[in-house]
Amino acid sequence: MKTLVIGAGVLGLVTAWNLKKDGHEVTIVDKIGTYAGASHRSFAWINANHKLPESYHRLNAAGVEAHEDLQKELAAHGTWFHQLGCILSDSTSDAPVNYDARVQESTEFGYPVETIDRDRLLELEPEIDWPTDAALFFPKDGHLDNFTFGDLIRDLLAEAGVDIDVREVDNVESTSSATEVAFAEGGVESFDQVVIAAGAESGPIAQRSGLTLPVAPLDSPGPRTHSLLGITAPTEVALSRVVISDRINVRPRSDGSMFVQVPPVEHRTEEGESTELLDEIGTVMEESLQELFDTSIPVEEVIFSGRSFPEDGVSIVGYLDDAHRIYSLVTHSGMTLAPLLGRLVANELVGGKEELLEDFRPSRFRDGIVPEDTDNFIGRQ
Ligand SMILES: Cc1cc2nc3c(=O)[nH]c(=O)nc-3n(C[C@H](O)[C@H](O)[C@H](O)COP(=O)(O)OP(=O)(O)OC[C@H]3O[C@@H](n4cnc5c(N)ncnc54)[C@H](O)[C@@H]3O)c2cc1C
C-alpha cells in the first residue's frame with residue numbers, strides 16, 4: 001500500500017511510523033519540517049482528566065495507557081513519558097463542589113483520583129507554597145518530553161528509510177483507483193491512501209479538496225484556539241509533576257526549566273500576538289511563579305500558541321471520502337492521543353474497524369456542527 005501522511009506533527013509522525021512497521025510504502029510530507037505546528041508549543045500533559053463525553057474519556061484513558069506501553073516497548077531509547085501524576089488545586093470558594101464533581105466523574109469513569117491533604121501535597125511537591133489545604137491527585141496522569149518523543153519517532157522513521165519530505169500539499173482528490181495529491185509548488189502524485197494530519201491546517205486542505213473537515217481557524221485568536229505558554233529559565237527549584245490550578249499551571253521540562261500557563265490571563269489571546277502582550281504576560285507569569293514557589297523564577301519566553309481544535313471539541317478520525325482513500329486525523333489533546341491513534345489509524349487503513357473511534361467519525365458533521373459545550377473548567381488545555 002502506497003500511503004501519504006500530510007503533516008509531521010506528533011500525530012503524523014507516530015502514524016507514519018506505525019504504517020511503516022505494518023509494511024506500507026510510506027511518504028510523510030510537511031510544508032515546514034518536523035514539529036512545526038502545535039506539537040512544537042504544547043504543554044504536553046498526558047491525561048484523561050475531565051474529557052467529556054464518556055467515549056472521549058475512554059479514548060484519552062486508552063491514550064494514557066498507550067504511552068505507558070510505548071515507553072516500555074522503546075525503553076532502550078530513553079525516557080520521555082513521566083507518569084508521576086497530576087495535582088489539581090482549586091483556591092476558589094467553589095473548591096469543595098468542584099472537587100466533589102471531579103471525584104464523582106473520575107470514579108464513574110474508573111479513572112483513579114485521590115483527595116489529598118496538605119501533608120501529602122508537601123510530600124509530593126515540597127517546594128510549593130500551597131495556597132490550599134486540600135487538592136486532587138490523579139496518579140495515572142503524566143507529562144511528556146514532547147521534543148524527545150518527536151525526535152525519537154523521527155529518527156526511527158529515518159532508520160526505516162523514511163525521511164520527512166519538506167513539501168506543501170495543496171489538495172487531494174480520490175478516484176476509484178487512487179488518490180491524486182497536488183503540491184503547492186506544482187506537480188501531482190498518486191497514492192493508494194492519504195492521511196490528513198496537518199493540524200489546524202487540515203480544514204483548509206480539505207476545503208480545497210471539496211471535503212468537509214471543520215477545524216477552528218487560527219486567524220481570529222481567543223482562548224479556545226490559542227494559549228499563552230511560558231518557558232522559564234532552568235532553575236534549581238524542584239518540581240516533579242504537573243500542577244494544574246485556577247491560578248497557574250506548571251510542569252517540569254527535561255532541561256530543568258518549566259512550562260507555565262496562567263489561566264486568568266488566557267482571555268488576552270483575543271488581543272492577538274504582539275511583543276507588548278508577550279512581555280506583559282511574561283511579567284504576570286513571573287509574579288504567579290513567585291507566589292507559587294515563594295522564590296523568583298525568570299520566564300525566558302512566552303509563546304502565542306495555536307491549537308488544532310475540531311469545531312465541536314473532539315477528535316475527527318476516519319475517512320472523508322466515499323472511496324475510502326482520504327483519512328482525517330485531527331484532534332485536540334494530540335499529545336495524549338498520538339501513540340494510541342497512530343496504532344488505531346494504521347489498523348483502519350488496512351481495513352480494520354476500531355470501536356474506540358466510532359463516536360469520532362467525520363460523518364457526524366453531515367447534519368451540521370454541534371458546538372462544544374464548555375464549562376471553562378480548571379485544567380482546560
Ligand atoms: C498551548 C497548547 C497546550 C496544549 N496542551 C496539551 C496538553 O497538555 N495535552 C495534550 O494532550 N495536548 C495538548 N495540546 C494539543 C497538542 O499539542 C496537539 O493536539 C498536537 O500537537 C497536534 O498535533 P498534530 O500532529 O495534529 O498537529 P501539528 O503539530 O500542528 O502538526 C501539523 C503539521 O502539518 C504541517 N502542515 C500544515 N499544512 C500543511 C500542508 N498544506 N502540507 C504539508 N504540511 C502541512 C505543519 O507544518 C505541521 O508541522 C496543546 C496544544 C497547545 C497549542
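Nothing here was measured: the structure is a model prediction, and the numbers come from that model. Along the sequence shown, residues are numbered consecutively beginning with 1.
The OG atom of S333 sits 9.5 Å away from atom CG of L59, with the distance rounded to the nearest 0.5 Å. Rounded to the nearest 0.5 angstrom, I46 CD1 and L144 CG are separated by 4.5 Å. The CG atom of L356 sits 6.5 Å away from atom CG of L340, with the distance rounded to the nearest 0.5 Å. Rounded to the nearest 0.5 Å, atoms CD (E25) and CE (M1) are 11.5 Å apart. Here L157 contributes atom CG and E159 contributes atom CD; the two are 10.0 Å apart, rounded to the nearest 0.5 Å. Put simply, OG1 on T179 and NE2 on H324 are 12.0 Å apart, with the number rounded to the nearest 0.5 Å.
Side-chain atoms of S55 and D359 form a donor-acceptor pair, as typed in the model, at a separation below 3.5 Å. With no hydrogens or angles considered, a side-chain donor-acceptor pair links D321 and S174 at under 3.5 Å. Using modelled atom types, one finds a donor on one side chain and an acceptor on the other under 3.5 Å when comparing T331 with S315. Side-chain atoms of Y111 and D141 form a donor-acceptor pair, as typed in the model, at a separation below 3.5 Å. A donor-acceptor contact under 3.5 angstrom links the side chains of D90 and T92, judged on distance only.
Around NE2 of H77, the count of heavy atoms belonging to other residues, nucleotides or ligands within 6.0 Å exceeds 12. For Q207, the CD atom is loosely surrounded, since the number of other residues' heavy atoms within 6.0 Å does not exceed 12. Within 6.0 Å of atom CG in D279, more than 12 heavy atoms from other residues, nucleotides or ligands are found, so the atom counts as buried in its surroundings. Atom CD of E236 has 12 or fewer heavy atoms from other residues, nucleotides or ligands within 6.0 Å.
The main-chain N or O of P221 is never found under 3.5 Å from a side-chain atom of T225 such that the two would form a donor-acceptor pair. Using modelled atom types, one side-chain atom of Y99 and one backbone atom of A134 make a donor-acceptor pair closer than 3.5 Å. Counting only distance, with no hydrogens or angles, the side chain of D294 and the backbone of D129 share no donor-acceptor pair below 3.5 Å. Under the 3.5 Å distance criterion, the side-chain polar atoms of E173 are left unmatched by any main-chain donor or acceptor of E180. One N or O on the side chain of D30 and one on the backbone of A8 form a donor-acceptor pair closer than 3.5 Å. Remark: side-chain polar atoms of R343 are not paired, donor with acceptor, to backbone N or O of P339 under 3.5 angstrom. Remark: side-chain polar atoms of T132 are not paired, donor with acceptor, to backbone N or O of S89 under 3.5 angstrom. Without hydrogens or angle criteria, R307 side chain to H332 main chain gives no donor-acceptor distance under 3.5 Å. Checked by atom type and distance alone, the side chain of S305 pairs as donor or acceptor with a backbone atom of R41 at under 3.5 Å. Panel note: side chain S106, backbone R102; a donor-acceptor pair is recorded below 3.5 Å.
Judged by the 6.0 Å and 45° rule, R120 forms a cation-pi pair with F137. Figure legend: cation-pi geometry between R325 and Y319 absent, as NZ or CZ is not positioned both under 6.0 Å from the six-membered ring centre and within 45° of its axis.
The minimum heavy-atom distance linking A135 with L121 is given by the pair CB-CD2, 3.8 Å. When every heavy atom of D170 is checked against every heavy atom of R208, the shortest pair comes out as O-NE, 2.6 Å. Residue N18 comes nearest to A346 through the heavy atom pair CB-CB, 3.8 Å, listed as atom of the first residue, atom of the second, then distance. Of all non-hydrogen atoms in G334 and V10, the two that sit nearest each other are O-CG1, 3.8 Å. The two residues I205 and S209 have their closest heavy-atom pair at O-OG, 2.7 Å.
Note on K140 versus E68: salt bridge recorded, some NZ/NE/NH1/NH2 to OD/OE distance being below 4.0 Å. Under the 4.0 Å criterion applied to side-chain N and carboxylate O atoms, E271 and R268 are assigned as salt-bridge partners. Using a cut-off of 4.0 Å between Lys/Arg side-chain N and Asp/Glu carboxylate O, E185 and K31 are scored as not salt-bridged. Residues E127 and R241 are not paired through a salt bridge, judged by the lack of any N-O separation under 4.0 Å between the basic side chain and the carboxylate. Taking 4.0 Å as the cut-off between side-chain N and carboxylate O, K2 and D192 do not count as a salt-bridged pair. Under 4.0 Å is where a charged nitrogen must lie from a carboxylate oxygen, and between E125 and R251 no such pair does. With respect to E348 and K353, no salt bridge is recorded, no charged nitrogen being found less than 4.0 Å from a carboxylate O.
In this structure the side chain of K20 never reaches within 4.5 angstrom of the side chain of L156, judged on heavy atoms.
L229 and V262 are not part of a single hydrophobic cluster, where members link through side-chain heavy atoms under 4.5 Å apart. Note: the hydrophobic cluster containing V237 does not contain L84 (ILVMFWY, side chain heavy atoms under 4.5 Å, direct or indirect links). F259 and L278 fall into different hydrophobic clusters, defined by Ile, Leu, Val, Met, Phe, Trp and Tyr side-chain heavy atoms under 4.5 Å apart, directly or through other members. Residues V64 and V243 fall into different hydrophobic clusters, defined by Ile, Leu, Val, Met, Phe, Trp and Tyr side chains chained together at heavy-atom separations under 4.5 Å. A continuous path of Ile, Leu, Val, Met, Phe, Trp and Tyr side chains, each step under 4.5 Å between heavy atoms, connects F81 with W17, placing both in one hydrophobic cluster.
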Check the pair W45, N249 against side chain to side chain contact (heavy atoms under 4.5 Å, CB included), reporting the backbone distance first and the verdict last.
CA-CA 10 Å; W45 165 30; N249 304 331; over 6 Å; no

R247/S91 under side-chain hydrogen bond (donor to acceptor under 3.5 Å, both in side chains): CA gap, chis, key distance, verdict:
CA-CA 8 Å; R247 298 181 186 181; S91 65; 2.9 Å; yes

Side chain to side chain contact (heavy atoms under 4.5 Å, CB included) for E108 and H57? Distances and angles first, verdict last.
CA-CA 11 Å; E108 268 170 27; H57 168 83; over 6 Å; no

Apply the test salt bridge (Lys or Arg N to Asp or Glu O under 4.0 Å) to residues R364 and E311: give CA-CA distance (whole Å), side-chain angles for both, the deciding distance (0.1 Å), then the verdict.
CA-CA 12 Å; R364 70 182 185 270; E311 286 285 12; over 6 Å; no

Using the salt bridge (Lys or Arg N to Asp or Glu O under 4.0 Å) rule, take D145 and R253 through it: C-alpha gap first, then chi angles, then the decisive distance, then the call.
CA-CA 7 Å; D145 294 331; R253 300 180 77 219; over 6 Å; no

With side chain to side chain contact (heavy atoms under 4.5 Å, CB included) as the test, would you mind laying out the steps for Q290 and I297 before giving the verdict?
CA-CA 7 Å; Q290 170 81 43; I297 302 176; over 6 Å; no

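With ring centers used as reference points, Y35 lies 6.0 Å or more from H40. For F43 and H143, the ring centers are positioned 6.0 Å apart or more.
Only one option out of M258, E286, M285 pairs with T232 in a side-chain contact (heavy atoms from CB on, under 4.5 Å); it is M258. Looking at V113, I87, I116 one by one, the single match for side-chain contact (heavy atoms from CB on, under 4.5 Å) with L136 turns out to be V113.
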